Amino acid sequence: MIIKNGKLITWEKENQIIENADLLIQNGLIKEIGSNLYKKYPQEDSFDARGQFVMPGNICAHTHFYGAFARGMGIPGDAPKDFPEILKKLWWPLDMALDEQGVRYSTLVFAIDAIKNGTTTLFDHHASPLFIDGSLDVIGDVLLDAGLRGVLCYEVTDRNGPEGAAAGIKENVRMIKKAAVIDRLGAAFGLHASLTLEEKTLDACREAIGEGAGFHIHVGEHQSDEYDSLKRSGLRVVDRLKKHGILGPRSIVVHGVHIDQKEAVLLAETGTWLTHQPRSNMNNAVGVANIEDFLRLGIKVGIGTDGFYHAMWEEWKTAYFLHKVHHLDPRRMNAMNIVQMGIYNNAALANLYLPDATLGVLQPGAAADLIFVDYHPYTPLTAGNLPWQMIFGFQESMITSTMVEGKFLMKDRELLTLDEEKIAAEAQAIAPEIWKRYESFVGRYT
Ligand SMILES: [Zn+2]
C-alpha cells in the first residue's frame, strides 16, 4: 500500500518533518519513503492522507485495563482520604470483582479507547485475583484481535494469601514463554508493589522469572510503600528490590514519587526504567515525582496512563503543566523532556519488549504503526518547535486514522476491528453485576 500526500513526522533521533511525502508499506513494514511513490509502484493500492500529519502510533508505558469498570462507579461510605484507602476501597475490591467476562470487556473497551486515541502499543499491569490462571490470555487475545500491540503482566501480591501469589507467579511465567513467540505480544513479570510483597515471595519471583525477562512493579507511589519496606526489611523500597534482584535494564518501576536520592541513583546505576503517570498522581494526591532530576541522573523515564483513558498527549500536557506549577517556575519541565520521555524512551522500552518490530519511528524497515492527525498549524511548524506545537495544538480528537503493522484499525474515524456500539452495550449489560460484586468486597481490606 502507498500512503500518499502526508506530512511525515519521523521521530528519528534528529526529528524530520517531510512535506508531501509518500510511504510504501509492505508486509506490515515501511519499505520506502519518497515522493510520488504511487507512480513508481502503480500496482499498489493507495490511501490519500490529504495533507494530514502522519507519525508513529503512540506508546503507553504503563496502564491497567482492569480499571475500566471504575468509570462512573460510586465508592460506598466515606470518600477515601489517602492513597492506601483508595487501594483498599476502590482498586482491590474492583479487581476482585472481575471474572473472565469482566477481564475481557475491560480490555475491549480500553482497546477501543486506545485505537481512537492513537495509542498502538500498551504496557498493561493486570490483576483479577478470582480469575488468575488464563487471565493474560484473555487480554492478549483481545489485543491481538483488535490489532494492537501489548506487553502484559500479572501483578503478584501477598494480599490474597500464598495461593494467590503462587498463581500470579505461574501466570507470569506462562505468558513470558507464550508471548515470546507471538508477534505483537510481549510480557514482563508483574509485581504489585513492595508494600504487598513478602520477602519470600520476592525471592520466589526472582527464582521463577528466568533469564532475559524483566519485572514491572509500582514503587514509592505513596509514603506508605517506603515506611512499609523499612518495617519489613530495614531497607527503603528500591534498596529492597535491589537486594532481591528485581532491578535491571529490563525492569520497569512505576511512579517513584517518594523514592529518595540514593534510590534514584540505584535506578540509574542498574539501568532500570521508570514510568511517570502525572494524571494518576494528581488524582490520587500522592505528590510529584522528581522527574527532571531522574532524567539528569540518566534514568530512562517513560510515560504511561495508569488506567486513565489512553490519550498520551493529554498525559504529556499534564506532565508539562504539573511540574511548572509544582515548582512555581514556568521554566521547569521543558517540552524537549516530554518528547524524550513520551517518544524516545517509550519507543526504546517498547523495542526492548517487542523486538520483532522497530516501533516509534518512521524510517524504512520500521513497523507501519501510524496515526493520521488532522492538524492545521496557523503558525510555522518545524522539527524545532514541534514539541510546543504538540503540547499547545495537538489533540487526540484530531486523530482520524490508526494503523498497526500496515493494517488500518481505524480509517477516517471508522473503527474496523471492533464494534464500539455493540461492545459498549455488552459492557453496560455486565457492569451492574461487576459493581454489585465490587460492593460485596468493599470492607474486605482494612
Ligand atoms: Zn499503576
Side-chain angles (χ1 to χ4, degrees), residues 59-71 80 82-96 98 103 106-107 110 113-114 119 121-129 135-136 139 150-157 159 168 172 187-197 214-226 228 237-238 241 246 251-259 267 272-289 291 301-312 314-315 318-319 322 341-342 346 349 353:
I59 295 163
C60 172
H62 176 76
T63 189
H64 302 280
F65 297 139
Y66 78 73
F69 280 97
R71 192 171 296 177
D82 56 21
F83 182 62
E85 282 199 11
I86 291 172
L87 289 176
K88 289 170 188 165
K89 290 186 169 185
L90 172 57
W91 299 117
W92 295 352
L94 177 63
D95 65 30
M96 188 73 80
L98 295 178
V103 173
S106 296
T107 314
F110 270 168
D113 168 74
T119 302
T121 298
L122 303 107
F123 283 69
D124 186 54
H125 196 274
H126 178 65
S128 50
S135 59
L136 296 185
I139 297 170
V151 178
L152 313 182
C153 73
Y154 189 89
E155 60 147 70
V156 175
T157 177
R159 69 175 181 269
N172 280 307
F189 195 114
L191 300 171
H192 171 242
S194 171
L195 82 164
T196 69
L197 286 160
F215 292 97
H216 186 176
I217 177 172
H218 297 101
V219 166
E221 185 168 2
H222 183 264
Q223 300 92 314
S224 54
D225 199 22
E226 293 289 356
D228 173 274
V237 174
V238 176
L241 297 181
I246 305 296
S251 288
I252 307 162
V253 305
V254 181
H255 299 302
V257 176
H258 293 279
I259 64 173
L267 294 179
T272 305
W273 300 78
L274 182 140
T275 69
H276 183 38
Q277 292 71 218
R279 285 186 295 177
S280 163
N281 294 160
M282 291 166 73
N283 187 46
N284 291 327
V286 291
V288 181
I291 296 299
V301 183
I303 298 187
T305 57
D306 211 13
F308 272 68
Y309 51 94
H310 299 88
M312 293 311 300
E314 192 163 317
E315 203 72 48
T318 308
L322 170 63
M341 295 187 281
N346 276 14
L349 181 62
Y353 272 92

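Atoms within a ligand are numbered from 1 in the order they appear, just like the ligands themselves. Model, not experiment: these values are computed from the prediction.
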Novice: With a cut-off of 2.8 Å, does any N, O or S atom of H62 fall short of it relative to the Zn ion (ligand 1)?
Specialist: yes
Novice: At less than 2.8 Å, would any N/O/S atom of H125, backbone or side chain, sit next to the Zn ion (ligand 1)?
Specialist: no
Novice: Go through it in stages, so that I can follow the logic: the residues are H62 and H216, the test is side-chain hydrogen bond (donor to acceptor under 3.5 Å, both in side chains), and I'd like the CA-CA distance, side-chain angles, deciding distance and then a yes or no.
Specialist: CA-CA 9 Å; H62 176 76; H216 186 176; 2.8 Å; yes
Novice: Please name the atom of D306, limited to N, O or S, that comes nearest to the Zn ion (ligand 1).
Specialist: OD1
Novice: As a quick check of understanding, evaluate side chain to side chain contact (heavy atoms under 4.5 Å, CB included) for L195 and V237, giving each step before the final call.
Specialist: CA-CA 9 Å; L195 82 164; V237 174; over 6 Å; no
Novice: Work out which heavy atom in V257 is nearest to a heavy atom in V286; give both atom names and the distance.
Specialist: CG1-O, 3.5 Å
Novice: Could you label the plane-to-plane angle of the H218 and H255 rings as parallel, tilted or perpendicular, counting under 30° as parallel and over 60° as perpendicular?
Specialist: parallel
